[in-house]
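Numbering of ligands and ligand atoms starts at 1, following listing order.
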Amino acid sequence: MLFMNMVTFSVRTLLFSVLALLATHVLAAPKQPNILFIFSDDHAYQAISAYQHSIKLVQTPNLDRIAKEGMIFHRAMVPNSICGPSRATVMTGKYNHLNGFYNNSNSRFDGAQQTFPRLLKAAGYQTAIVGKWHLTGAEPSSLGFDYWEILPGQGVYYNPPMNRMGQQVKHTGYTTDIITDLSLEWLKRRDKSKPFLMMAQHKAPHREWSPNLKNLGWNKDQKFAEPPTLFDNYTGRGRAEYEQDMSLEKTFTKLDAKLTVPGSLNEEQRKTWNAYYEPRNAELEKASLTGKELVRWRYQRYMHDYLACILSVDESVGRLLKFLDDEGLAKDTIVVYSSDQGFYLGEHGWFDKRWFYEESLRTPLLARWPGVTKPGSVNRDIVSNLDFASTFLEAAGQPIPGDIQGRSLLPILRGQTPADWRKSFYYHYYEFPGAHSVRKHYAVITDRYKLVHFYEPDVNYWELFDRVKDPQEMRSFSEDPAYAKTRAELHTELTRLRKELKVPDQDAPESIIRPNAPKGEPGAKKKKKSDAK
Ligand code: CA
């Protein structure tokens, strides 16, 4: 009897031990982190105080907090500096010649292709997107989003109509605040048994950079410092730079300058708007400015409005971070802040994006992952929004499909850049003819140099930039004999990259814009005017 008891006891002990071991193992398995992806449209890194740009334009304490508690990336690049194509790259981890979305003019996104939200959904995540979408041709549900509420086309800054899961809804208020409110509402009512992917995507600070009315006059009429290249005359570069249509001098419209009132304001909002702008606009009229003085005035007005939009984006980031704190979610959540590309804040005399030049090639990138990324980390590797899909999949414990071109940033977030990390980057812009008349070009970018090819028959030339000798990128060295060896090396690297990335020798027919093609034919413009920017 005693013997039998001892056997029972031993079996029981063994069983308990096995169960305990199993439980430990399950507990020790890596938990799938939540992913909060906060994305803005046209946010210049120069307009984030954590980037410590030489010109201090604005304070962004909440964005800076992500950098302070995580990592700031100083060389995050986009493969094609324009809205829709950049978003297609985020979703697929691929260049536009593989995801098929080349430009905002006639491209349509094939929602049936592989996207990281659909892979995360299959891996047990609940997925949501709120705000700017701009992947014309596809609905978020086809990409794997359980919940979505998006702006149609570019959306508007005040009282925005939105599309909630196929239903038209109308909101009252400022769009950045509304996107934040809707993101928080979904986060609060989410299924807490699953990890989440929330993509909170702002319209701001996209053209025409219209502020929250409460922020009008935020700078108390103090002057903003001008960038040193505000009056760039493009000497030493080629025809594309001379012929662009995105300068404060030639392109800035009355709507950009707030000399006309946006149609989306209601009666009461219009009064607040007019109380700020009307007296200042009257002063401008009285001054009858021309030439450089008018450009200077426009720059000041542009900065007041654009940076006021940034204040609201920063406030949104603060509210989302506070939610994670309040719910005890911060330690289990990867927070990524980025934009679909950078933007010119008067550099080279420009607003807008599109070029290989630093201000639009680069995009802000801040990431926080407690316990993984050391607070206050600074990274200068060449990373890209191509890498987001792989990063999120690896973080979720999922395999990274072989056809994804970006690499996971996880080793970098852990502070260990792999020895074979990319040392060069391929860039390709396609949207010509199109808004702002920036010519098609491709480029190879390294830590120091850029070799650029404008390759259309009528505008065909090379440029070579040396960011060490010429940090403002004001002069091409492509024909300088002293750079012959560098140019040849860069050319070899460009050829290697194009092959590795499967860039076709000739641009694909669907990437070509034919403004006169009949509607519905390849190359013809899309129907909606609101999608064309
Ligand atoms: Ca954009």
Could you report the tightest heavy-atom contact between Tyr429 and Asn80, atom names first, then the distance?
CD1-OD1, 3.3 Å
For Arg422 and Asp387, run salt bridge (charged side-chain N to carboxylate O under 4.0 Å, His left out): C-alpha distance rounded to whole Å, both residues' side-chain angles, the deciding distance at 0.1 Å, then the answer.
CA-CA 11 Å; Arg422 67 169 79 83; Asp387 301 328; 2.7 Å; yes
Identified salt bridge (Lys or Arg N to Asp or Glu O under 4.0 Å) partner of Asp42 from the options Lys353, Arg207, Lys203, Lys132
Lys353
Taking both backbone and side-chain atoms into account, decide whether Gln341 has an N/O/S atom under 3.0 Å from the Ca ion (ligand 1).
yes
Round to 10° and report the angle made at the Ca ion (ligand 1) by OD2 of Asp340 and SG of Cys83.
90°
Only N/O/S atoms count here: what is the atom of Asp41 closest to the Ca ion (ligand 1) called?
OD1
Going by distance alone, is a donor N or O of one side chain under 3.5 Å from an acceptor N or O of the other, for Tyr277 and Asp305?
yes
Minimum-distance N/O/S atom that Asp42 presents toward the Ca ion (ligand 1)
OD1
